[in-house]
Enquirer: 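One structure coming up, written as structure tokens, with questions to follow.
Note that the numbering runs from 1 along the sequence shown for the chain.
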Amino acid sequence: MTIPVVTAQGAAPACSVEYSVTSQWDSGFQGAVKITNNTAAMSSWSLSFDFTDGQKLTQGWNAKWSQSGTTVTAANESYNGTLATGASVSAGFLAARSGSNAVPTSFKLNGTTCNVDSEPSPTPTDPPSTGTAPALHVSGNKLVDAGGATRRLLGVNRSGGEFMCVQGYGIWDGPVDDAAIKAIADWKANTVRIPLNEECWLGLSDIKPEYGGANYVNAVKDLVARVEAHGLTPIVELHWTYGQYTGNSAGCSDVHASCQKPMPDAQYTPSFWSSVASTFKADPAVVFDLFNEPYPDRATATTTQAWQCWKDGGTCPGIGYEVAGMQDLVDAVRGTGARNVVMAGGLAYSNDLSQWLTYKPSDPTGNLVAAYHVYNFNSCASESCWNSTLAPVAAQVPLVAGEIGENTCSHGFVDQVMKWFDDRGLSYLGWTWNTWDCSSGPSLIADYDGTPTSYGIGLRDHLRAINP
């Protein structure tokens, strides 16, 4: 929800602050502030306000956040201290709460009172904690539902949420209404993986407001609820993240979340997962996929360095920003009390699980799954490699191929993948339920009514054959 700015008698205030509750749950919430300076340019700034309902700040981003008693202070970072006349800056935070979460009524910027005084809007509706989608947890090396029955995750990816918002075009690529989700279900899929963008979820200042923050979070919550209503398992997955990387195999030179980075960033990704986990922790049907396709092995000098970076993060050779390791992200999720199933993909764009068991993050709930991606052009794309590197992992923990695909506009390769995974009772999802060119995407469909491409026919017919 967003608290609108109110000005007295139409006078221009010295500063304006928009305070919003982006997401809220039983024990906490995610908030954001947008500060606009209407006076002389500033070289540094500090915003202060008071919590009146016992709220306690836990972490924040795009500012140095602190709390003393009831007073919260957000001071500029080194990179966003300059605030020109008429310019705005946004920052976000997470906080604990036990009361009704009253909105602060007074804000001061560098000691000057900003003209904001309004009542909160209704809290957005939380996603359903129950529905037709099964609650999932790990039992040995299987995923099981609440009744103990084994569940395989078989379905599709629904791309769009990772790139449309940061490119300024919208939130989803194509329809995600009830008819669009029904078309996926009609393929006899039981799972939809939903790629996300951390800057859009956190509502950072480079994202258009209509596509970020509360608007983005609510759109994701709506899609998750719609997927569950059709009995499908939603996997929410972090695809694009912040942090500048220009080394080997860089996807872009941009510091913003506009391409696949080699590893998550310590600046924002733990906050992203704390927020996402808090949003969905009451819904055990939702699965969390921590990071799309790690590739620290392209930056580091040795494989050991890459796996150490993967697990523990920190200062990693060849990566210029501080990295959040998989252990950091598991800790961020579990720190909220969320017990949802968590997926962690390996090195080489999630194609290498050879040392996954050695560097497996610690998960106090035991609900950790190994994630794997495979395309016909990957290094580990043969039965011999699967037998040597995947089979040992699958013997210990559930294994989910979050992405399978090929760039041939046919399905000979994914047919081989599906057979190997079927023979071992494992899970897989096709990339992707979007109407792109099947050789560049590759895309499963030619139309959102479910009309398959020549590549998509392979997955559709196979799912219908094993789930008649």
Enquirer: For D254, check side-chain hydrogen bond (donor to acceptor under 3.5 Å, both in side chains) against everything at least two apart and list the hits.
Expert: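 Here the qualifying residues are S258.
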Enquirer: So Y242 and Y268, would you call those rings parallel, tilted or perpendicular, with 30° and 60° as cut-offs?
Expert: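 Taking Y268 first and then Y242, their aromatic rings stand perpendicular (interplane angle over 60°).
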Enquirer: Under 30°, 30 to 60°, or over 60°: which ring-plane class applies to Y428 and F421, parallel, tilted or perpendicular?
Expert: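 If you compare the ring of Y428 with that of F421, the planes turn out perpendicular.
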Enquirer: Taking atom CZ of F377 as the centre, report whether more than 12 heavy atoms of other residues, nucleotides or ligands fall under 6.0 Å from it.
Expert: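 Result for CZ/F377: enclosed.
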Enquirer: Report all side-chain donor-acceptor pairs from residues 316-324 shorter than 3.5 Å, counting only partners two or more places apart or in another chain.
Expert:
unit_1	atom_1	unit_2	atom_2	d
Y321	OH	M263	N	3.4
Y321	OH	M263	O	2.6

Enquirer: For S354 and D352, what are the C-alpha separation, side-chain angles and deciding distance, and is it a side chain to side chain donor-acceptor pair (under 3.5 Å)?
Expert: CA-CA 6 Å; S354 60; D352 177 9; 2.7 Å; yes
Enquirer: Quick one: do S253 and T246 satisfy side chain to side chain donor-acceptor pair (under 3.5 Å)? Show the steps, please.
Expert: CA-CA 5 Å; S253 60; T246 57; over 6 Å; no
Enquirer: Among T432, T233, D289, find the one that has a side chain to side chain donor-acceptor pair (under 3.5 Å) with R193.
Expert: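 Of the listed options, the one satisfying the test is D289.
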Enquirer: Just checking K64: does its NZ atom have more than 12 heavy atoms from other residues, nucleotides or ligands closer to it than 6.0 angstrom?
Expert: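 Counting neighbours around NZ of K64, more than 12 heavy atoms of other residues, nucleotides or ligands fall under 6.0 Å, so yes.
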Enquirer: Taking atom types as modelled and ignoring hydrogens, do the side chains of N407 and Y455 form a donor-acceptor contact shorter than 3.5 angstrom?
Expert: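 There is no such pair between these side chains.
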Enquirer: Which residue pairs pass the side-chain hydrogen bond (donor to acceptor under 3.5 Å, both in side chains) test with at least one member in residues 202-216, sequence neighbours excluded?
Expert: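 Counting only pairs at least two positions apart or across chains, the side-chain hydrogen bond (donor to acceptor under 3.5 Å, both in side chains) contacts touching residues 202-216 are D206-H256.
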Enquirer: Check the pair N197, H239 against side-chain contact (heavy atoms from CB on, under 4.5 Å), reporting the backbone distance first and the verdict last.
Expert: CA-CA 6 Å; N197 184 296; H239 213 82; over 6 Å; no
Enquirer: Please work out whether the ring planes of F29 and F51 are parallel, tilted or perpendicular, with thresholds of 30° and 60°.
Expert: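 Judged by the thresholds at 30° and 60°, the geometry between F29 and F51 is perpendicular.
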Enquirer: Only counting residues at least two apart or in another chain, list the ones meeting side chain to side chain contact (heavy atoms under 4.5 Å, CB included) with A183.
Expert: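 Residues passing side chain to side chain contact (heavy atoms under 4.5 Å, CB included) with A183: W433.
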Enquirer: Using 30° and 60° as the class boundaries, would you call the ring planes of W307 and W310 parallel, tilted or perpendicular?
Expert: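 The arrangement is perpendicular - the two ring planes meet at more than 60°.
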Enquirer: Go through it in stages, so that I can follow the logic: the residues are Y375 and E403, the test is side chain to side chain donor-acceptor pair (under 3.5 Å), and I'd like the CA-CA distance, side-chain angles, deciding distance and then a yes or no.
Expert: CA-CA 8 Å; Y375 293 85; E403 293 182 16; 2.6 Å; yes
Enquirer: Any non-hydrogen side-chain atom of M343 less than 4.5 Å from a side-chain atom of F288?
Expert: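 Sidechains of F288 and M343: no contact.
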Enquirer: Given V369, which partner from the list L143, V342, V397, L153 fulfils the side-chain contact (heavy atoms from CB on, under 4.5 Å) test?
Expert: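 Output: one option passes, namely L143.
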Enquirer: In chain order, what residues pass the side chain to side chain contact (heavy atoms under 4.5 Å, CB included) check against A32, with sequence neighbours excluded?
Expert: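 Side chain to side chain contact (heavy atoms under 4.5 Å, CB included) check on A32 returns S20, T22.
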Enquirer: If you look only at distance, which donor and acceptor atoms sit under 3.5 Å apart when one is on a side chain in residues 270-277 and the other is two or more places apart or in another chain?
Expert:
unit_1	atom_1	unit_2	atom_2	d
S271	OG	Q59	OE1	2.7
W273	NE1	L290	O	3.0
S274	OG	Q59	NE2	3.3
S274	OG	P270	O	3.0
S275	OG	Q30	OE1	2.1
S275	OG	W201	NE1	2.8

